[in-house]
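Written below as structure tokens is the structure these notes are about.
Sequence positions, counted from 1, serve as the residue numbers for this chain. Counting starts at 1 for both ligands and their atoms, in listed order. Computed from a prediction, not measured in an experiment: that's the story for all the values here.
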Amino acid sequence: MTSIPNRYRRSHELFARAAKVIPCGIYGHTSPVASLPGEFPYYAARAKGSHYWDVDGNEYIDYLCGYGPVVLGHQHPEVEAAAAEQQSRALCVNHPGEVMVELAEHLVSLIDFSAWSVFGKNGSDMTTWAVQVAREHTGRRKILKVTEAYHGMDPWCTPGHAGLVDEDRVHIHEFDWNDLEAFDRLLSEYRNDVAGVILTPFHHPVFKASVMPAPGFWSHVESACRREGIVLILDDIRAGFRLDLRGSHKLFGFEPDLICLCKALANGHPLSAALGRRELRIAASRVFLTGSYWNSPPAMAASLACLKIMQRDKTPETLRERGEALMQGLVEAGKRHGYAMHCSGPAAVPFIIFADDPSMRRRQRFCAEVTRRGAIFHPHHNWFMSSALSPEDIDSTLRMADGALAQMRDEKI
Ligand code: PMP
């Protein structure tokens with residue numbers, strides 16, 4: 001693989017220092033091993049609108065958006081003004097601020113099945129709490145989830161293997177996405193002991209293409225949950241508000257009992273939320289929920305501003321249009337150079353794979369080459385559109401993609 005010498009020199013220097021004082025240097029999903037070591041920047045310096053700069057001064061059109069939270073573009077002036085105004089009055093205080101009530105009212109008015117909202121900081125805070133609420137409400141133990149679906153880093157669901165004991169997962173049972181027979185089998189095997197089913201609106205496993213729900217999937221799951229008194233939890237952390245401001249279930253025509261939201265909630269300010277049906281309010285009030293920073297008002301003010309802007313500007317429509325233009329352009333560029341490229345997932349949360357590429361070599365090389373030219377594409381994780389991505393950004397990205405594919409063709413990759 002061709003690497004430009006010194007292109008990521010500062011990134012590598014920092015990583016060498018980090019490796020001495022931080023386990024793995026960079027851990028989690030931003031670790032270099034999650035992409036292709038040496039082919040992507042490791043450290044970011046600053047970001048504005050649809051662009052960001054790494055510590056070596058390289059500039060990128062941003063299709064990762066902080067892995068999702070930045071939905072309106074970096075440093076959106078209205079969101080930043082709302083957060084700064086709150087922060088000038090209080091950052092971390094002894095009681096929740098007025099803005100928490102206002103935000104809960106606003107969210108409850110957006111998500112029509114919900115009667116209440118709570119807040120945390122990260123997605124995992126909410127998915128783990130939601131599972132407990134389901135257990136508290138039903139008095140049952142079992143949680144059903146989809147194989148390879150990511151719901152966070154807590155022991156019941158982490159994709160990691162270290163530091164766990166068998167008991168962590170005794171009551172967690174998995175079925176494959178869209179496999180309703182396997183789902184039904186679990187329901188009958190654990191009848192009257194299933195507390196909750198937690199699912200993302202569509203399947204977005206790492207390394208693989210995203211998979212949409214098969215026709216009838218959601219209606220089957222929804223009616224089974226209703227019939228059996230199981231709490232249906234929608235983990236809308238990744239796609240929430242990018243697809244539909246009323247929650248992604250609206251796009252797929254079903255209604256959950258609980259919804260977890262996080263990315264795209266506050267344009268990058270740390271905030272997550274869970275909203276639920278009236279019937280779950282008592283269980284929700286019993287399951288303990290708190291954190292040192294969870295009442296901090298600036299992120300909540302940022303969220304209110306972000307939600308109002310997304311409503312005013314019909315942001316999901318913009319994301320879809322721009323995402324479609326990008327995907328179509330990439331597929332056409334692929335055809336011009338003799339590559340069959342396949343778009344997966346909704347256009348606002350797009351991902352591209354190459355046909356006949358079981359080792360992912362083409363996809364990895366393509367993403368690295370486009371990134372080297374100035375638009376960041378992750379080879380293993382779905383991408384995220386922001387409304388700051390302009391038609392000009394998309395056009396320049398497509399030119400970069402064209403150059404990358406031409407080079408790959410020449411090198412017979
Ligand atoms: N659920 C889904 C669907 C996610 O995409 C993520 C984050 N990628 C999480 C849960 C966990 O969120 P966090 O990393 O903020 O804890």
Side-chain angles (χ1 to χ4, degrees), residues 26-31 34-35 63-71 118-134 143-160 172 174 177 196-213 218 221 232-244 247-249 251-252 256 258-275 289-294 296 299-300 302-303 306 319 344-346 348-351 378 380-386:
I26 302 174
Y27 40 78
H29 64 296
T30 58
S31 161
S35 52
Y63 292 97
L64 276 183
C65 299
Y67 287 81
V70 179
V71 64
V118 297
F119 301 99
K121 283 288 156 203
N122 289 293
S124 301
D125 302 337
M126 294 293 104
T127 50
T128 295
W129 181 80
V131 159
Q132 287 181 262
V133 170
I143 299 294
L144 308 190
K145 71 180 277 291
V146 157
T147 322
E148 296 185 326
Y150 186 67
H151 297 295
M153 51 154 275
D154 289 318
W156 68 272
C157 62
T158 175
I172 307 294
E174 295 188 334
W177 178 258
V197 176
I198 183 164
L199 297 172
T200 54
F202 63 97
H203 190 40
H204 39 62
V206 270
F207 296 105
K208 296 182 180 167
S210 298
V211 190
M212 301 308 272
W218 274 117
V221 170
L232 177 54
I233 305 166
L234 178 62
D235 176 351
D236 210 8
I237 283 163
R238 192 170 307 182
F241 296 135
R242 270 195 167 73
L243 307 186
D244 193 310
S248 299
H249 54 286
L251 197 70
F252 297 108
L258 263 173
I259 185 169
C260 301
L261 294 156
C262 181
K263 299 174 196 283
L265 182 57
N267 205 45
H269 288 264
L271 192 69
S272 55
L275 287 90
L289 176 72
T290 195
S292 294
Y293 301 104
W294 289 17
S296 178
M300 297 186 183
S303 177
C306 179
L319 301 179
S344 78
V349 195
F351 194 45
H378 200 300
H380 303 146
H381 190 291
N382 69 258
W383 313 336
F384 296 91
M385 300 301 288
S386 81

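Taking only nitrogen or oxygen atoms, main chain and side chain alike, G123 reaches within less than 3.5 Å of ligand 1. Where the criterion is an N or O separation shorter than 3.5 Å, residue side chain and backbone included, D235 meets it with respect to ligand 1. Polar contact with ligand 1: present for Y150 (N/O pair, distance under 3.5 Å). Residue H204 has no nitrogen or oxygen atom sitting less than 3.5 Å from a nitrogen or oxygen atom of ligand 1, judged on distance alone.
Partner of H151 under the side-chain contact (heavy atoms from CB on, under 4.5 Å) criterion, out of C157, P159, C260: C157 alone.
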**Item:** Check against side-chain contact (heavy atoms from CB on, under 4.5 Å), M126 and L261
**Value:** CA-CA 8 Å; M126 294 293 104; L261 294 156; over 6 Å; no

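For ligand 1 and T200, the ligand atoms under 4.0 Å from any heavy atom of the residue are 3 (C). Proximity to S124 (heavy-atom distance under 4.0 Å) selects the following atoms of ligand 1: 11 (C), 12 (O), 13 (P), 16 (O).
Of the candidates H381, K263, K121, R238, it is K263 that places a heavy atom closest to atom 7 (C) of ligand 1.
For M126, the heavy-atom gap to ligand 1 stays at 4.0 angstrom or more.
Within a 4.0 Å radius of atom 5 (O) of ligand 1, the protein contributes at least one heavy atom.
Counting only distance, with no hydrogens or angles, the side chain of D154 and the backbone of W156 share no donor-acceptor pair below 3.5 Å. No donor-acceptor distance shorter than 3.5 angstrom exists from the side chain of R242 to the backbone of A264, with no hydrogens or angles considered. Judged purely by atom type and a 3.5 angstrom limit, W177 has no side-chain atom pairing as donor or acceptor with the backbone of H204. At least one donor-acceptor pair closer than 3.5 Å links the side chain of H380 to the backbone N or O of A34. Although no hydrogens or angles enter the test, the distance criterion places no donor-acceptor pair under 3.5 Å between the side chain of S303 and the main chain of A266.
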